[in-house]
S.K.: 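Before anything else, here's the structure in question.
The structure displayed is predicted, hence computed values, not measured ones. Just so you know, these numbers use all the heavy atoms, side chains as well, and skip hydrogens, waters and symmetry mates. In this chain, numbering begins with 1 at the start of the sequence shown.
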Amino acid sequence: MPSLRSRALSAALIAAGRRRRYASAEAVRTRVAESARRPASHLPPRWLGRVADISRTFVGAWPVYDVSPLGAEPAAHVLYVHGGGYIHELVRPHWALIRTLVTQARARVVVPAYILAPRGTADRTVPIAADLLSGLIASGGSAGTVLIGDSAGAGLALAAAQRLRDRTGDQPSRIVLISPWLDVTMSHPDQAALEAADPLLARPGLLEAGRLYAGTLAADDPRVSPLHGGFAGLAPMTVFTGTRDVLTTDSRELLRRARAEGAEVEFHEAAGLPHGYPLLPVPEGRAARGRIVELIRSTAEL
C-alpha cells in the first residue's frame, strides 16, 4: 500500500491535469512548437551552487554540467541523463536528485543537457552519450562510475551503454534506471490497463514523442528502443518502477530479457506509485534515493 503522501500526490497530479501533456500527438507537437519559439532553461538552480561546485563545458552543441562536492574530492563519478520524453529540459526534481547524489553520495555528477527532439534524434544522440560515458569511465581512476537515467533519459542511458559495450566492451560500475522508457513503440498489451491508472502519462503523446526522437530510424531500432537490444555484457543494473506507470511494462520486460541473457538486475517495483516516483517528495521516493546513494557509495568503496 502506498503512503498517504504518495496517494495524495497522485490525486493532485490527476486534479492538475498533468496527463494532458501526453494526451494526444497534437498536444506533444504543440509543446514542441512552443519550446522552439521559447526554449526552456536547463540552467542549474542557484541553490545548487551553495552546496556544489558547478562548471559547464560543451560537447559539440551539448552543454554539459559538471557538479562536484563543494571543496572536497569526489568519491565516485556519475553520468546522469535526465528524462522528459526527449522533448523537455532538465527541471527542478532532476536538479534535486543531483544535489542528493553530490551531498549524500559525495559523487561528481556529469549532466548533459542533450539536444531535444525533433532536432536531437537517436542516431545523433546515442553516440555522443556513449562518448561521454566512455570518457567518464576513462577519467574515473580508482573511483567507480555509475550511469543513471530516468524515464526517457534511462532509455538514452541504456542505449549508450549498449553502444559502448559493442564498441569497446567497456562498462560503468553500475547502471541505475528510474522508471525507464525503453520501447517507444508503446506496443505492450498490458499498457492499456496501466494507462487508466497513470496520473502522468498517456500513450498517444508518448507515441508521438517517440516518433520525433526516432527520426529516420525505425521505432524498434535498439538505438531508439534499447529494450530491443542485447543485455549480455552490460554492467549490473538497478531498476525502479511503480505500478501506476504505463511504462512499467518496459521495466518488467527488461527484467525478463536481461536475466534470460545472464545479466544482473536488482529490481524494485513499488505498488501504487507513479512514473518517476524516486524523484518525488514522498517516503517511497526518499527510500529509493537512499538506495541509489548506497549503490554509489558501494561502488566508490570497491
Side-chain angles (χ1 to χ4, degrees), residues 19 21-36 39-40 59-62 81-90 112-133 147 149-167 175 177-192 194-195 198 200-231 234 245-251 253-254 257 275-276:
R19 272 180 50 159
R21 298 181 305 165
Y22 292 99
S24 66
E26 182 180 1
V28 166
R29 289 194 293 268
T30 298
R31 170 63 183 174
V32 168
E34 290 173 352
S35 296
V59 176
W62 289 18
V81 190
H82 74 89
Y86 298 114
I87 60 171
H88 297 282
E89 289 286 6
L90 287 144
Y114 54 87
I115 303 299
L116 302 175
R119 287 178 55 220
T121 50
D123 58 335
R124 302 173 181 176
T125 302
V126 172
I128 300 173
D131 288 344
L132 275 173
L133 178 59
L147 174 62
D150 74 273
S151 191
L156 174 53
L158 183 58
Q162 289 172 336
R163 180 179 176 90
L164 187 60
R165 174 205 58 197
D166 295 342
R167 194 174 69 191
I175 301 168
L177 306 175
I178 299 169
S179 300
W181 187 20
L182 306 176
D183 185 1
V184 307
T185 70
M186 301 299 297
S187 57
H188 196 285
D190 292 345
Q191 287 181 336
L194 288 165
E195 182 181 30
D198 191 322
L200 284 169
L201 301 176
R203 287 178 294 168
L206 288 172
L207 272 168
E208 179 64 8
R211 184 188 70 82
L212 295 174
Y213 178 62
T216 60
L217 299 176
D220 62 356
D221 187 295
R223 289 168 288 180
V224 183
S225 298
L227 190 61
H228 297 277
F231 294 93
L234 292 178
D245 181 356
V246 68
L247 298 179
T248 199
T249 53
D250 289 9
S251 295
E253 281 295 305
L254 178 147
R257 298 183 191 190
H275 182 75

S.K.: Inspect the contact between R29 and E26 and indicate whether a charged nitrogen and a carboxylate oxygen are less than 4.0 angstrom apart.
M.R.: no
S.K.: Looking at P204 and S24, what are the two nearest heavy atoms and their distance?
M.R.: CB-CA, 3.8 Å
S.K.: Mind checking whether L234 and L158 have side chains closer than 4.5 Å, heavy atoms only?
M.R.: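 SC-SC contact between L234 and L158 confirmed.
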S.K.: What residues form a salt bridge (Lys or Arg N to Asp or Glu O under 4.0 Å) with R19, not counting sequence neighbours?
M.R.: none
S.K.: Test your reading of the model: is there a side-chain donor-acceptor pair from Y86 to the backbone of A152, 3.5 Å cut-off?
M.R.: yes
S.K.: So how far is it from L207 CG to S187 OG, rounded to the nearest 0.5 Å?
M.R.: 9.0 Å
S.K.: Indicate yes or no for a side-chain donor-acceptor contact from R223 to the backbone of L217 under 3.5 Å, with no hydrogens or angles considered.
M.R.: no
S.K.: Counting only heavy atoms from other residues, nucleotides and ligands, does the tally under 6.0 Å from CD of E34 exceed 12?
M.R.: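 Yes.
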S.K.: Closest heavy-atom contact between L182 and G155?
M.R.: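 Scanning both residues, the minimum pair turns out to be CD2-CA, 3.8 Å.
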S.K.: I need the minimum non-hydrogen distance between A218 and V224, along with the two atoms involved.
M.R.: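 Heavy-atom minimum between the residues: O-CG2, 3.7 Å.
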S.K.: Side chains of residues 122-129: which donor-acceptor partners sit under 3.5 Å, not counting sequence neighbours?
M.R.:
| unit_1 | atom_1 | unit_2 | atom_2 | d |
| --- | --- | --- | --- | --- |
| D123 | OD1 | T121 | OG1 | 2.6 |
| R124 | NH1 | R119 | O | 3.1 |
| T125 | OG1 | T121 | O | 2.9 |

S.K.: For the pair D250 (side chain) and W181 (backbone), establish whether a donor and an acceptor sit closer than 3.5 Å, ignoring hydrogens and angles.
M.R.: no
S.K.: Check side chain to side chain contact (heavy atoms under 4.5 Å, CB included) between S225 and all other residues, then give those that pass, not counting sequence neighbours.
M.R.: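 S225 satisfies side chain to side chain contact (heavy atoms under 4.5 Å, CB included) with D183, V184, H228 only.
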S.K.: In Å and rounded to the nearest 0.5 Å, what is the CG to OG1 distance from L254 to T248?
M.R.: 11.0 Å
S.K.: Would you say R257's side chain and F231's backbone share a donor-acceptor pair under 3.5 angstrom?
M.R.: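 Pair absent, no side-chain N/O of R257 close to backbone of F231.
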S.K.: Checking E195 side chain against R203 main chain: does a donor-acceptor pair fall under 3.5 Å?
M.R.: yes
S.K.: State whether the side chain of Q162 and the backbone N or O of P226 hold a donor-acceptor pair below 3.5 Å, judged by distance alone.
M.R.: yes
S.K.: Take D131 and R167, measure what salt bridge (charged side-chain N to carboxylate O under 4.0 Å, His left out) needs, and give me the verdict at the end.
M.R.: CA-CA 10 Å; D131 288 344; R167 194 174 69 191; 2.9 Å; yes
S.K.: Which heavy-atom pair separates P118 from V32 by the least distance, and what is that distance?
M.R.: CD-CG1, 3.5 Å
S.K.: Quick one: OG on S179 to CG on L201, what's the gap to the nearest 0.5 Å?
M.R.: 9.0 Å
S.K.: Is the side chain of Y114 donor-acceptor paired with the backbone N or O of H82 at a distance under 3.5 Å, no angle test?
M.R.: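 Side chain of Y114 to backbone of H82: a pair is present.
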S.K.: Could you pull out the closest heavy-atom pair between I175 and A161, with the gap in Å?
M.R.: CD1-CB, 3.8 Å
S.K.: Calculate, to the nearest 0.5 Å, the distance between atoms CG and CG belonging to L212 and L116 respectively.
M.R.: 11.0 Å
S.K.: Ignoring hydrogens, what is the shortest heavy-atom contact between L194 and V246? Give both atom names and the distance.
M.R.: CB-CA, 3.9 Å
S.K.: In Å and rounded to the nearest 0.5 Å, what is the CD to OG1 distance from Q191 to T249?
M.R.: 3.5 Å
